[in-house]
Asker: 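Handing you a structure now.
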Amino acid sequence: MLTANRLLDGEVVYWQGGDWQPDFAAAEIFDEAEAAKAALDAAQAFVRDNKVVGTYLFEVRKEANGVAPVKEREIIRSLGPSVRRDMGKQALMPVPPAAAKPVHETSPPPPYPEEPDVSI
Amino acid sequence: MPLIKNGAFVEDRFVFIPEGQAFPDDGGVMVSLARFQSERDSIIAHHRPVCVRLAANENPDVLKDDLPNIDAIALEFPIFRDGRAFSWARMLRERFAYQGEIRAVGHFLYDQLAFLMRVGFDAFEVRQDFRIAEFSRAMAEMTYVYQPSVDRRKTVMQIRRGE
Amino acid sequence: MYRYDEFDAKMVRERAQQFRYQVERRIKGELTEDEFKPLRLKNGLYLQLHSYMLRVAVPYGTLSARQMRQLARIARDYSRGYGHFTTRTNMQYHWPKLSEVPDILELLADVEMHCIQTSGNCVRNVTADHFAGAVAGELEDPRPICEIIRQWSSFHPEFNYLPRKFKIAVSATKEDRAAVKYHDIGMEVITNEAGETGYRVFVGGGMGRTPYVALEIGKFVGKEDILAYLEAILRVYNEYGRRDNIHKARVKILAHQLGADEFRRQVEVEFAEIKRHGTLHLPPEELKRIEAYFAPPAFEDLPETAPEFEAAVKADAGFAAWTRSNLTPHKAKGYAIATISLKTIGQTPGDASAEQMDGLAQIMEDFGFAEIRVSHEQNLVFPHVRKKDLPAVYARLQALDLGAANAGLITDIICCPGLDYCDLANARSIPVAMKLQERFADLERQHELGEIKIKMSGCINACGHHHAGHIGILGVDKKGVEFYQIQLGGSGAEDASVGEIMGPGFGKDEIVDAVERVVETYVALRAPGERLLETYRRVGMTPFKNAAYQEQMYAAY
């Protein structure tokens, strides 16, 4: 997958279909290194345009119920702090994850609010 | 490159002469430290304006005996984060009482102009698109200073003490 | 405490405006991220895993009630209701938006606060003994000189683009609570043979990848010369500190490579030059003027103890335990220094909610406390509490969930934010700290174990000071999985030492058991009155190591 942080608010975003969006579950998965590299190149237009910073690719692997990042760092980025389940992306999920593993559902992802409600 | 001096764009009186290239017949020249050191006598004998360009790791201490013969010293920023030239400029002004031009060249930012001015730089090679109004803006961002420096601005401590 | 005059006030206002302009230019694209990053860091703004993080300076760890209320307000309005007190006595807010940061700076300026130089390769927030001005045996309050250093270092035109960050701490007692020998410059207030007060100056301490205890460079620097001396050190460092390798760029590398004698010689050359110039001379009247701001409150003439205090100790076991661990003798009769633990079991070490901050400010107002301190151990301190008020203050702290009786004990764990928040981290530290706190939650056991300082960092940068922990824990990453190395024998106090690494790391489900086995080994081996640190220094690593890896050894058979 391809990820970055949004310049204006620092929100973690993922590449999907030529643009960025904040939901891990909706992120594009690249099976081929070439396609991933092409996306990374395309993403630089958003860096030049001062929309996102720090673009990079990270590894995910298939798990029983979907796809999850290989590294703890990306698991935490996709959810929020593991010590504050009420903060970050996990706070906005319809069902908070029980374990510290995000799941990339094969079914369509739930709608994700564009502007996180910070009072949650 | 556009050159700012005394808050205004000015004509550059030096032409940088790369290694191995011959000097023009007349006019001011800017040379590297190595070139200056190897051709010192002939450069000085020519009585033309001369500017020595120092890399960030070249301590201007090596020029101290030649300073009366040098019209300008250009201190290079390989990247704006490399702050050695801030100390070199100050050393030239305070320790060696150097009165010639000290010019900032290379990669430095708008956000450093006020500090550069404070430590003794008085000339700045800026990007083509640099607007002169920005220079005055940079100088006006902070009204007071806490430290004594080359610019002899009154420090907050001095103002408080009524000096 | 220090109050801004019109000059200080104008400078923080103008800094806020300057930063607003930098943010505007970044958003418009006039600054690239590579250019903006060092600029935003100089104003304490990081981009971390989930969001931006803004670090607010709490100079020498001193805050007023008004400032604490403002910190609460900012937490509520911009940081989802909480903030984090750090090992450098600063306050960190997660979650602010880039465009909101200039507004936060304005709010800080309203209460004489700022984020100036809380990060970046410049002189950072100056720290001091958190018991300054209250503790017995102090030569003088170190904070006036800290304030003078704060002003001298703020917007220093020559030293804002150093090879790397630069941290200064000052202590004025035999006991070192400011970890001066772990700083780039550590200053100890001392008296010379002539009876004059001045500073012993250490250079080149630090943690991180290569921990060093600082070298003594200035044996005695007079007060009037101290700024000139600091400037000389900074100049040597700015000119010759390494810039080719970020891991070797701190002054500790330069100082230890040159050795104390050569480093001192170079400093003396610059020092002579600066003195010859004369402009950095610190006039005694100016020092006196600043000292007046830090004059202690008028202490009442009180008896040694108070009946209310004695009665509460007898009646309430919880209060009695708190007085044992969280009180420090005060220099004035009838007063005490009270440490407020931010290590309540089950809470993130160092975090405080907006409600807690407001509650603390209310206590300060109700009891007339002019100030509260932030300690480098991520706790807070009421420096001057009348003993007779202690039961009431304790009850109020308890109501805020801030009454943990664990200061200096095993659950008073220093801990960086780690991989839960930090972009640099390799492993989480908070959840491990919380599990350790749960394991050792039994108050009687904690008090029985005595002073044990556990310090944990989630990466080699050592924000959690693991090198200086009696038990240090370092989180490492092995192929995306978290492991935890144990170090023993570190100290950040007057007996400073760098902890020794025990061996390979433990998994996140093994580390708590391993620490417990280390602690049990101490209990079995300790001589009467001996702390874990002393037992380790006496018996060495072997018995601790054997015990810690015991389970793995069995598993191998």
Side-chain angles (χ1 to χ4, degrees), chain B residues 56-61 77-91 93-97 107-121 127 129 131 134 137-138 140-161 163, chain C residues 5-11 13-15 17-19 21-22 25 30-31 34-39 42 120-122 148 150-163 227 231 234-241 243-244 270 273-274 276-283 285-286 289-290:
Chain B
N57 63 351
E58 291 172 334
N59 187 332
D61 186 66
F77 286 82
I79 178 117
F80 75 103
R81 298 191 305 273
D82 187 334
R84 280 175 283 194
F86 288 95
S87 285
W88 302 145
R90 205 166 167 195
M91 179 195 287
R93 293 288 189 221
E94 289 185 343
R95 187 170 311 173
F96 305 133
H107 184 227
F108 59 93
L109 303 182
Y110 161 87
D111 307 86
Q112 295 173 300
L113 288 171
F115 288 161
L116 290 167
M117 200 75 166
R118 292 218 64 211
V119 296
F121 285 89
R127 291 201 306 224
D129 58 352
R131 287 163 288 147
E134 288 292 282
R137 190 186 198 286
E141 278 186 345
M142 302 293 286
T143 308
Y144 299 113
V145 298
Y146 281 128
Q147 315 76 8
S149 190
V150 175
D151 58 359
R152 308 250 171 134
R153 278 171 72 182
K154 266 196 183 162
T155 64
V156 165
M157 194 194 292
Q158 288 171 314
I159 301 172
R160 283 172 182 151
R161 290 165 57 78
E163 287 174 17
Chain C
D5 60 14
E6 58 185 298
F7 308 107
D8 303 306
K10 182 142 189 152
M11 287 178 94
R13 284 281 169 217
E14 288 181 335
R15 179 64 181 117
Q17 286 164 15
Q18 190 179 48
F19 192 70
Y21 188 53
Q22 289 172 339
R25 285 154 58 220
E30 292 172 16
L31 284 169
D34 285 346
E35 291 170 339
F36 182 58
K37 187 176 171 187
L39 300 178
K42 275 185 213 307
N121 296 338
C122 47
I148 287 168
R150 183 190 76 82
Q151 297 186 21
W152 160 79
S153 62
S154 295
F155 315 112
H156 197 297
E158 187 179 345
F159 305 133
N160 246 281
Y161 294 87
L162 296 169
L227 292 181
E231 187 136 316
L234 264 301
R235 183 166 299 156
V236 170
Y237 173 53
N238 192 41
E239 291 176 357
Y240 294 109
R243 290 176 189 266
D244 58 331
E270 290 298 333
E273 281 293 333
I274 297 165
R276 188 174 60 81
H277 226 72
T279 47
L280 252 185
H281 173 251
L282 175 61
E285 315 85 71
E286 179 62 14
R289 194 183 70 81
I290 302 282

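What you see is a predicted model, and the numbers here were worked out from it, not measured in a lab. Here is the naming used below: chain letters follow the sequence lines, and residue numbers restart at 1 for every chain.
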Asker: Compare every heavy atom of B/Gly83 with every heavy atom of C/Asn238, then report the nearest pair and how far apart it is.
Answerer: ND2-O, 3.1 Å
Asker: Residues two or more places apart in sequence or in another chain: which of them pass salt bridge (charged side-chain N to carboxylate O under 4.0 Å, His left out) with B/Arg137?
Answerer: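 Per chain and number, B/Arg137 pairs via salt bridge (charged side-chain N to carboxylate O under 4.0 Å, His left out) with B/Glu141.
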Asker: Please step through side chain to side chain contact (heavy atoms under 4.5 Å, CB included) for the pair C/Tyr240 and B/Arg84, ending with a clear verdict.
Answerer: CA-CA 8 Å; C/Tyr240 294 109; B/Arg84 280 175 283 194; over 6 Å; no
Asker: Against chain C, work out which of B/Asp151, B/Val119, B/Asp82 has the most heavy-atom pairs shorter than 4.5 Å and name it.
Answerer: B/Asp82
Asker: Just to verify, which of B/Arg118, B/Gln147, B/Arg90 counts as forming a side chain to side chain donor-acceptor pair (under 3.5 Å) with C/Glu158?
Answerer: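 Among the candidates, only B/Arg90 passes.
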Asker: Is B/Met117 close to chain C through its backbone or its side chain, or both, or neither, when contacts mean heavy atoms under 4.5 Å?
Answerer: neither
Asker: Please flag which part of C/Leu31 lies under 4.5 Å from any non-hydrogen atom of chain B: side chain, backbone, both or neither.
Answerer: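 Just its side chain gets close to chain B.
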Asker: Does C/Phe159 have its ring centroid less than 6.0 Å away from the ring centroid of B/Phe86?
Answerer: no
Asker: I need the B/Met157 CE to C/Leu280 CG distance, nearest 0.5 Å.
Answerer: 8.0 Å
Asker: Supply the atom-to-atom distance B/Ser87 OG to C/Glu270 CD, rounded to the nearest 0.5 angstrom.
Answerer: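 Rounded to the nearest 0.5 Å, the OG-CD separation comes to 8.0 Å.
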Asker: Ring-plane angle category for B/Tyr146 and C/Phe155, please: parallel below 30°, perpendicular beyond 60°, tilted otherwise.
Answerer: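 Plane angle under 30°, so parallel.
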Asker: Please flag which part of C/Arg13 lies under 4.5 Å from any non-hydrogen atom of chain B: side chain, backbone, both or neither.
Answerer: neither
Asker: Quick one: of C/Arg235, C/Gln18, C/Glu239, who has the most non-hydrogen atom pairs under 4.5 Å with chain B?
Answerer: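 It is C/Glu239.
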Asker: Using the test salt bridge (charged side-chain N to carboxylate O under 4.0 Å, His left out), find all partners of C/Glu6 that sit at least two apart in sequence or belong to another chain.
Answerer: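 In terms of salt bridge (charged side-chain N to carboxylate O under 4.0 Å, His left out), with neighbours along the sequence ignored, C/Glu6 is linked to no residue.
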Asker: Between B/Ser149 and chain C, with a heavy-atom cut-off of 4.5 Å, which part of the residue counts as in contact: side chain, backbone, both or neither?
Answerer: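 Side chain only.
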Asker: Counting the benzene-type ring for Trp, do C/Tyr21 and B/Tyr110 have ring centres under 6.0 Å apart?
Answerer: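 For C/Tyr21 and B/Tyr110, the ring centres are under 6.0 Å apart.
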Asker: Measuring from atom CG of C/Asn160 to atom CZ of B/Arg81, what distance do you get when rounded to the nearest 0.5 angstrom?
Answerer: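 One gets 14.5 Å once the value is rounded to the nearest 0.5 Å.
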Asker: Looking only at heavy atoms and a cut-off of under 4.5 Å, which of C/Glu35, C/Gln22, C/Arg15 has the most pairs with chain B?
Answerer: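 That would be C/Glu35.
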Asker: Let me confirm one number: the CG-CD distance from B/Leu109 to C/Glu30, rounded to the nearest 0.5 Å.
Answerer: 12.5 Å
Asker: Please classify the contact between B/Asn59 and chain C as side chain, backbone, both or neither, with a heavy-atom cut-off of under 4.5 Å.
Answerer: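 Answer is side chain: those atoms of B/Asn59 sit under 4.5 Å from chain C.
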Asker: If I measure from the heavy atoms of chain C, does B/Val145 come under 4.5 Å with its side chain, its backbone, both, or neither?
Answerer: backbone
Asker: Please state whether the side chain, the backbone, both or neither of C/His156 comes within less than 4.5 Å of a heavy atom of chain B.
Answerer: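 For C/His156, backbone and side chain are both near chain B.
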Asker: Which pair of non-hydrogen atoms, one from C/Phe7 and one from B/Ile159, has the smallest distance, and what is that distance?
Answerer: CZ-CG2, 3.5 Å
Asker: Using the side chain to side chain contact (heavy atoms under 4.5 Å, CB included) definition, which of the options C/Met11, C/Gln17, C/Lys10 pairs with B/Met142?
Answerer: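 Answer to the side chain to side chain contact (heavy atoms under 4.5 Å, CB included) test with B/Met142 among C/Met11, C/Gln17, C/Lys10: C/Met11.
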Asker: Under the criterion side chain to side chain contact (heavy atoms under 4.5 Å, CB included), I'd like the reasoning laid out for B/Thr155 against C/Thr279: C-alpha separation, chi angles, the key distance, then a yes or no.
Answerer: CA-CA 10 Å; B/Thr155 64; C/Thr279 47; over 6 Å; no
Asker: Tell me, for B/Arg161 versus chain C, whether the close heavy atoms (under 4.5 Å) come from the side chain, the backbone, both or neither.
Answerer: side chain
Asker: I need the residue from B/Arg95, B/Met91, B/Glu94, B/His107 with the largest number of non-hydrogen atom pairs under 4.5 Å to chain C.
Answerer: B/Arg95
Asker: Check B/Arg160 with C/Asp8, please: is the shortest side-chain N to carboxylate O separation under 4.0 Å?
Answerer: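 Salt bridge flag = yes for B/Arg160 with C/Asp8.
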Asker: Only pairs of heavy atoms separated by less than 4.5 Å count here; which of B/Val150, B/Asp111, B/Asn57, B/Val156 has the most with chain C?
Answerer: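 Highest number of pairs under 4.5 Å: B/Asp111.
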Asker: Counting only heavy atoms not in C/Arg276, do more than 12 sit closer than 6.0 Å to its CZ atom?
Answerer: yes
